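What follows is a single structure, written as structure tokens, with notes after it.
Please read all numbers here as calculations on a predicted model, not as lab measurements. Protein chains get the first letters and strands the later ones, always in sequence-line order, with residue 1 at the start of each.
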There are 2 protein chains.
Amino acid sequence: MSPRRGLDLKVILETAAEIANTEGVEAITLAALAKKLHIKPPSLYNHIDGLSGLQSKLAVFGLEQLLKELTKASVGRAGDEAVQSLAEAYVSFARKQPGLYQLTLKAPKEEDTDYHAVANELVELLFGIFRAYHLNDEAAIHAVRGIRSILHGYTTLEQKGGFGLSIDLDVSLRFMIDTFLAGIKSANRK
Amino acid sequence: MSPRRGLDLKVILETAAEIANTEGVEAITLAALAKKLHIKPPSLYNHIDGLSGLQSKLAVFGLEQLLKELTKASVGRAGDEAVQSLAEAYVSFARKQPGLYQLTLKAPKEEDTDYHAVANELVELLFGIFRAYHLNDEAAIHAVRGIRSILHGYTTLEQKGGFGLSIDLDVSLRFMIDTFLAGIKSANRK
DNA sequence: TATAATAACTAATGTTATTAGTTTATTCAA
DNA sequence: TTGAATAAACTAATAACATTAGTTATTATA
């Protein structure tokens, strides 16, 4: 145990995520974070490497939580059902934690190995699910890229209010996943 | 003509877009912009309503350019060919103007009628293209939402380096559009 | 109990956005 | 041709913020 136990990194990240979720990503400042933690801004430098270091850590923190939710949603399921369940969990996470979700794509630097480790796990999860469709290696890569694009694109547009109000959003998501999977299966038959 | 002609708003927006494209969206500051324009930061307030006002104007500015490119790419084409051509133009725009593309989704406020006017035109363009698939009204909405999600999601992930390097990106985009359209057609036959 | 390590602190600096008030240039009417 | 009106530039000042340097306080362990 270290001398002079202070703040826990986890508490810092949770507090920052709370700010992001309630006030928006741009509201994350060291000043606001320090105030919430009842310390002075410079003290944060004992735990994080400035604002950009905090953002990097938040990206990993968020990605880990997302991965956990997606894993939970897909275990015990296969094929279309697994994909739909994962998609549902994906948007559910983004709705509950909009700020943290946005942070999961914030400035992933080349050298941030922590980030890429989790990101790879997420991609591997998707590959596993798509194994049920018996695609060749390259097709599987395209399929995984496709589903990631749909999920992220849909999520962002929903968050930004990019879709009109009238027609049910969940139905749209289900439709686009269904359609994409139908396309994969129809190509498979050729 | 106004007394004391100064800077043109178009020049301001072009200069800001250049900063965004070359140094990143977060590099857009009134200080940096003023320096590039050889004026002092407060003078910018004669033309724009602060930093957030600038961002709003840039969102419209970028969306207009994107719409123009997409329109150009889809005239004289129909069906799958029109969609693929539009998709190509979309990512091409985002690659040439990464910063400006990101700005097209920056903080679209409810009351920003300029923004929503252009955004609606873009959606109408897509509806027009999907008319060739003879979908009912609701299915058309889902389809347009789907293609928008794919395009934005793909673009963002490509920009952030979210896809690994090995497999060709353009092929992936073509694959996901193809697959989505195949899904639409297979559902149509039922 | 003393030392070393660590986390908090204060003080200071530089960057930025923004507001208020002033000066300057230019169009247009007298 | 001149002068008033207008609008765009300016200077000066303030507040919020990130960040660094250096100091103080606390606590595990030797």
Quick one: which protein N/O atoms are closer than 3.5 Å to N/O atoms of nucleotides 22-25 of chain D? Pair and distance per line, please.
residue : atom : partner : partner atom : Å
dA25(D) : N3   : R4(A)   : NH1          : 3.1

Exercise for the section: Verify whether the ring centers belonging to Y90(A) and Y154(A) lie closer than 6.0 Å. Expected result: no
Practice task
Find the distance L51(A):CG to dT20(D):P and express it as a whole number of Å.
Solution key: 12 Å
Practice task
Examine dT19(C): is either OP1 or OP2 under 4.0 Å from a nitrogen or oxygen in the side chain of Y45(B)? Give yes or no.
Solution key: no
Problem - Value in whole Å for how far the P atom of dA8(D) lies from CG of L9(B) - result: 11 Å
Handout entry: Mutual orientation of the aromatic rings belonging to Y101(A) and H152(A) [parallel < 30°, tilted 30-60°, perpendicular > 60°]
Key = tilted
Practice task
Quickly work out the D49(B) CG to dA8(D) P distance and round it to whole Å.
Solution key: 14 Å
Practice task
Starting at atom CG of L7(B), determine the distance to atom P of dT26(C), rounded to an integer number of angstrom.
Solution key: 14 Å
Exercise for the section: Could you tell me whether K36(A) atom NZ has more than 12 heavy atoms of other residues or ligands within 6.0 Å of it? Expected result: yes
Exercise for the section: Name every residue in residues 23-33 of chain A that has at least one heavy atom under 4.0 Å from any atom of DNA chain D, in order of residue number, or write none if there are no such residues. Expected result: T29(A), L30(A), A31(A)
Exercise for the section: Please state how far atom CD1 in I48(B) lies from atom P in dA8(D), giving the value in whole angstrom units. Expected result: 13 Å
Problem - Phosphate-side-chain proximity, S43(A) and dA7(C), N/O vs OP1/OP2 below 4.0 Å - result: no
Handout entry: Atom pair distance, as rounded to whole Å: NE2 in H38(B) and P in dC10(D)
Key = 11 Å
Exercise for the section: Kindly check if the number of other-residue, nucleotide or ligand heavy atoms within 6.0 Å of CG (D168(B)) is above 12? Expected result: yes
Problem - Verify same cluster id: V11(A), L13(A) (apolar side-chain graph, 4.5 Å) - result: yes
Handout entry: Side chain of N46(B) - closest among dA8(C), dA9(D), dT20(D)
Key = dA9(D)
Exercise for the section: Look at atom CD of Q159(A) and say whether more than 12 heavy atoms of other residues, nucleotides or ligands are closer to it than 6.0 Å. Expected result: yes
Practice task
Figure out the CG/P separation between L54(B) and dT16(C), and round it to whole Å.
Solution key: 15 Å
Problem - Rounded distance (Å) that lies between atom P of dT15(C) and atom NZ of K40(B) - result: 14 Å
Exercise for the section: Assess whether atom CG of N136(B) is packed by more than 12 heavy atoms of other residues, nucleotides or ligands within 6.0 Å. Expected result: yes
Practice task
Please determine, by modelled atom types, if D80(B) and Y133(B) share a side-chain donor-acceptor pair under 3.5 angstrom.
Solution key: yes
Problem - More than 12 heavy atoms of other groups within 6.0 Å of D137(A) CG - result: no
Practice task
Would you indicate which nucleotide in dA20(C), dA18(D), dA8(D) comes nearest to any side-chain atom of H47(B)?
Solution key: dA8(D)
